[in-house]
Amino acid sequence: MDAIEVRGLRKTYGSSEAVRGIDLTVTRGEVFALLGPNGAGKTTTVEILEGHRRRSSGEVRVLGDDPGTAGRAWRARIGVVLQDADDAADLTVAEMVGHVAGFYPDPRPADEVIELVGLTEKKRSKIRQLSGGQRRRVDVALGIVGRPELLFLDEPTTGFDPAARRQFWDLIRDLAAEGTTILLTTHYLEEAEALADRLAVLAGGRIVAEGTPATLGGRAAAGANVSWLENGVTKTEQVADPTDLIKHLIKIEADLKSLTITRPTLEDVYLSLIGAGR
Ligand code: ATP
């Protein structure tokens with residue numbers, strides 16, 4: 001059984017259609033990233049899958065159940081990090097994590113979760129005294145405390161400093177290695193590249209591309225830009241396969257210290273995809 005199956009999902013708000021017929025499958029154990037510009041429909045889609053919003057039409061199965069009608073037992077199997085979590089600011093970190101742990105049948109120990117998100121030194125601080133990035137880490141702690149089979153992360157690392165982001169990536173990799181299925185949205189392309197087995201790009205409520213980070217939008221087949229110095233002048237050529245060009249450069253004794261070979265980054269591919277999707 002797949003963790004998430006979506007067919008023909010649509011959501012309208014009044015007269016505007018935010019999600020326009022999405023098909024999506026996330027298999028068990030997969031880390032799947034949803035990318036797309038502001039307003040593309042990512043949060044709407046994710047919150048429908050979490051059972052936090054009603055869909056207008058389409059088929060949705062999450063861990064085998066319809067999130068629109070699934071009950072508490074289903075809810076205990078998923079973990080959620082919302083985009084705008086509303087923290088109970090007067091509790092301490094330890095109180096908050098301990099409190100939420102009580103909702104689950106087999107929670108992780110609160111201290112372990114607090115350590116996993118790097119907040120041990122702050123566990124006795126009130127949440128309202130934390131920085132924005134530290135609060136976001138509390139949100140992540142609350143999402144994983146119940147040992148979810150499936151974890152939804154909506155822009156989880158917004159406001160994280162670079163070290164905290166790397167620590168978070170390690171946490172996600174550990175959860176994935178334990179078999180947790182993860183659906184995340186992010187605006188950080190390097191985060192999607194670092195974490196996702198597969199990803200989809202949403203634009204204007206539709207999926208405009210789907211693939212692995214290496215192959216999305218024809219990335220693997222895209223040519224390489226080769227540049228080098230020749231008699232003090234930079235030369236550049238775009239080639240499908242640089243092998244013959246490099247052999248030639250060796251033969252003519254070109255200055256290979258200056259050689260660079262670049263391919264489109266995930267961000268390059270993403271930007272061209274959303275341009276095409278508009
Ligand atoms: P972001 O990257 O900014 O978080 P997103 O891809 O998550 O964007 P959504 O929040 O799903 O986008 O919004 C998709 C569209 O639906 C937007 O045009 C938004 O204005 C609209 N929308 C979202 N929520 C509501 C709502 N509760 N009522 C009316 N319109 C809404």
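We're numbering straight along the sequence, starting at 1. Read the numbers this way: they start at 1 and go in the same order the structure lists the ligands and their atoms.
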Same cluster (ILVMFWY, side-chain, under 4.5 Å), Y188 and L35
no
I need the atoms of ligand 1 closer than 4.0 Å to a non-hydrogen atom of K42, numbered in the order shown.
1 (P), 2 (O), 5 (P), 6 (O), 7 (O), 8 (O), 11 (O), 12 (O)
For R198, is there an ion pair with E210 - N to carboxylate O distance below 4.0 angstrom?
yes
Qualifying residue, where the test is side chain to side chain donor-acceptor pair (under 3.5 Å) with E47 and the options are H52, K42, R55, R53:
R53
Write out the residue and atom name of the closest protein heavy atom to atom 23 (C) of ligand 1, then the distance separating them to 0.1 Å.
Y13 CE1, 3.4 Å
How far is atom 4 (O) of ligand 1 from its nearest protein heavy atom, and which residue and atom is that?
Q83 NE2, 3.1 Å
Is K11 close enough to touch ligand 1? Criterion: a residue heavy atom under 4.0 Å from a ligand atom.
no
In plain terms, say whether R128 and D90 are close enough for a salt bridge, that is, a side-chain N and a carboxylate O under 4.0 Å apart.
yes
In terms of atom number and element, which parts of ligand 1 are under 4.0 angstrom from non-hydrogen atoms of T43?
4 (O), 5 (P), 7 (O), 10 (O), 11 (O)
What I want to find out is whether R28 reaches E149 closely enough, with some N-O distance under 4.0 Å, to be called a salt bridge.
yes
According to a 4.5 Å side-chain heavy-atom criterion applied to Ile, Leu, Val, Met, Phe, Trp and Tyr, with indirect links allowed, do V46 and Y13 form part of one hydrophobic cluster?
no
Compute the minimum heavy-atom distance from S16 to ligand 1 and say whether it is under 4.0 Å.
no
Does the residue R53 have a heavy-atom contact with ligand 1, meaning some pair of atoms that are separated by less than 4.0 Å?
yes
Give me the atom names and distance for the closest heavy-atom approach of T158 to R136.
O-CG, 3.7 Å
Go through it in stages, so that I can follow the logic: the residues are L49 and V6, the test is side chain to side chain contact (heavy atoms under 4.5 Å, CB included), and I'd like the CA-CA distance, side-chain angles, deciding distance and then a yes or no.
CA-CA 9 Å; L49 301 180; V6 174; 3.6 Å; yes
For ligand 1, which atoms have a heavy atom of E155 less than 4.0 angstrom away?
1 (P), 2 (O), 4 (O)
Is there a polar contact between ligand 1 and T45, counting only N or O atoms under 3.5 Å apart?
no
Would you say T120 and E115 are linked by a side-chain donor-acceptor pair, where the criterion is simply a distance under 3.5 Å?
yes
For atom 14 (C) of ligand 1, which of G39, G205, A203 has the closest heavy atom?
G39
Which of the atoms in ligand 1, numbered in the order shown and given with their element, are less than 4.0 Å from a heavy-atom of H187?
2 (O)
What atoms of ligand 1 come within less than 4.0 Å of a heavy atom belonging to A40?
5 (P), 6 (O), 12 (O)
N/O separation below 3.5 Å, G36 to ligand 1
no
